[in-house]
*Asks:* 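Got a structure for you, questions after.
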Amino acid sequence: MSDERPLNDADAIPGIESSPLLAARASDDEGTAVTEVLDADPAEDPAPTIDAPAEPAPASPLAATATASYAHACQIVAIALSDLAEYNQAVGSLTQVLPTASAVASSRSGRDGQTARISRPAPDEASVPDTDVSARTRHRIPRRAAIGLGLAAVVALAAALLLASGAPSLFSRVEVADVERTLAADPDFMDGFASDDYVDPSAYELADVSITQVEEDGEGLVRVDATASLRNDSFESDCLAVLLFSRASQVENHPEFEGASVPDGAEWVGVVVQATAETRAIAGVTRDADFPEGFSARFDAKAQSCTYEHLEAIDLWFGERTITTPYTYAFDGVAWTRSAGEAVDSFAFGASALDGSFSASEGDAVRMGAFEISSFNATSGAFTIEYRASTAGLAPQTISGVIDCTVEPAPATDDTASYRQADGYVYAFRGDGTSTGGEGTSHIEGYLGLDGSIVFAFSGDYTKPAFLFGDPSNETMEVSGIVSRRDA
């Protein structure tokens, strides 16, 4: 095969008017090839004109995001297309100078090797069999097909060069893995969308990441709308995120990515522009700083709420007060909030809480020779006092009796604030009974004090004897003070 090169104005077809041209023609259907040396007669075939090569189109500016590999590949394609244009021009020129049917054929014959001129008349169209024409048509490749094959070869060559130079990255798109990596690296996003109030913090897990829309802004940036889910021990969020991506090689050109880290080997670098979520609670509240011990709430997933009853027990030396306060915790999609219901309190006396012997500790209580409580009823607060009391003076009169009493709680007032118990109440008692003197009556009232004490005011009838002359008289003695349990 002979070497070929494109034709141009500088080296047009050599010897087109005087030198012989070498041409190959296909033989008949039997496959016999005949090589002929044709001497073109300039008188019979005028010299063809050759068009000048077309001016190359001005190079289009590359996009700002084009890499060096892409620019190099584009240059190779441009050169190949220019070569193809010159080749097409040369083929067009050659078709104008090919020998015609009336050309004079020359052949070497004879033993002396001389060249004999043989006149080759043009064949009569009617004498040429149709089979010869069809055969010649089948063996000839159309000019347009040749051009198409050449262009396909150039494109294939350019594609191979692009693949070899790593240019496929120029056509890559943001993938789900890029979005997932960007979301997972954003601390604000991974902190979740719900407050940790009333729950124990736990790490979120990212799942179900998908891309819903991708838009390119023409400046090398890609906007991605994505969905994802976040879940931890307490909450689950369906997230919508808007992210912005740039090629790793172009990050420095975009201020939006200032401070963004570029992972090793990453082709795309992204930042989270905006994120919203619909969040629901998948577990109830687990803690409340106001109730450090024994906190346990009931969770209703459908209602997105929790209920908890706080029992506050206040121990007193004679019983226990319990305050029950219902609390409701509601999740609003962002945080748990707490509201308190109406508190219900109750008091229960201890069994035999007041039973026992008491002795004087302050005031005139020393005149109470005996003060003993029995038959205490924890349900009704009823009890009995057996007493013995004496008058003051040199000749004291002593009386005794039994008084039936009842103790009841009451809110403290300014006058009774000094008797207020730890639960904020005062426990007052009163009762009427008998006396062995005078008209035979007695009365007592008072308050249950602190630490096993009782503050009381007693009055009882007694008979005052006559002094030297006269009759005895009925009188009433009064005794007040504080007595305390002897075993307290």
*Asks:* To the nearest 0.5 Å, what is the distance between CG on D178 and CG on L183?
*Replies:*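 Here the rounded value is 11.0 Å.
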*Asks:* Mind checking whether Q397 and K464 have side chains closer than 4.5 Å, heavy atoms only?
*Replies:*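 Sidechains of K464 and Q397: no contact.
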*Asks:* For Y427 and F318, take the angle between the two ring planes, folded into 0 to 90°, and tell me which bin it lands in: parallel under 30, tilted 30 to 60, perpendicular over 60.
*Replies:*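 The arrangement is perpendicular - the two ring planes meet at more than 60°.
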*Asks:* Evaluate the salt bridge (charged side-chain N to carboxylate O under 4.0 Å, His left out) criterion for residues R485 and D451: first the C-alpha distance (whole Å), next the side-chain angles of each, then the deciding distance (0.1 Å), finally the verdict.
*Replies:* CA-CA 9 Å; R485 294 181 65 164; D451 301 327; over 6 Å; no
*Asks:* Below 4.0 angstrom, N of the basic side chain to O of the carboxylate: do R298 and D300 qualify?
*Replies:*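 No salt bridge links R298 with D300.
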*Asks:* Just to verify, which of F331, Y198, Y308 counts as forming a ring pair (Phe, Tyr, Trp, His ring centres under 6.0 Å) with W336?
*Replies:*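 One option only clears the test, and that one is F331.
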*Asks:* Step by step, would you call I76 with I79 a side-chain contact (heavy atoms from CB on, under 4.5 Å)?
*Replies:* CA-CA 5 Å; I76 293 175; I79 293 173; 5.8 Å; no
*Asks:* Indicate yes or no: does E205 engage R231 in a salt bridge with an N to O separation below 4.0 Å.
*Replies:*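 No, no charged N to carboxylate O under 4.0 Å.
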*Asks:* Any side-chain heavy atom of S361 sitting closer than 4.5 Å to one from V483?
*Replies:*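 They are not in side-chain contact.
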*Asks:* Report yes if the side chains of T324 and H310 come closer than 4.5 Å at any heavy-atom pair, otherwise no.
*Replies:*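 No - every pair of side-chain heavy atoms lies 4.5 Å or more apart.
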*Asks:* Keeping the roles fixed (side chain from E342, backbone from P326), state whether a donor-acceptor pair exists under 3.5 Å.
*Replies:*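 No; judged by distance alone, with no hydrogens or angles, the pair does not exist.
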*Asks:* If the plane angle is over 60° it's perpendicular, under 30° parallel, otherwise tilted; pick one for F456 and F371.
*Replies:*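 Rings of F456 and F371: tilted, as their planes differ by 30° to 60°.
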*Asks:* Below 30° counts as parallel, above 60° as perpendicular, anything between as tilted: where do the rings of Y327 and Y329 land?
*Replies:*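 Ring orientation, 0 to 90° scale: tilted.
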*Asks:* Using modelled atom types only, decide if a donor and an acceptor are shared between the side chain of S82 and the backbone of A78 within a distance under 3.5 Å.
*Replies:*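 No; judged by distance alone, with no hydrogens or angles, the pair does not exist.
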*Asks:* Taking D197 first and then R338, would you say they form a salt bridge - that is, a charged N and a carboxylate O separated by under 4.0 Å?
*Replies:*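 Salt bridge: no.
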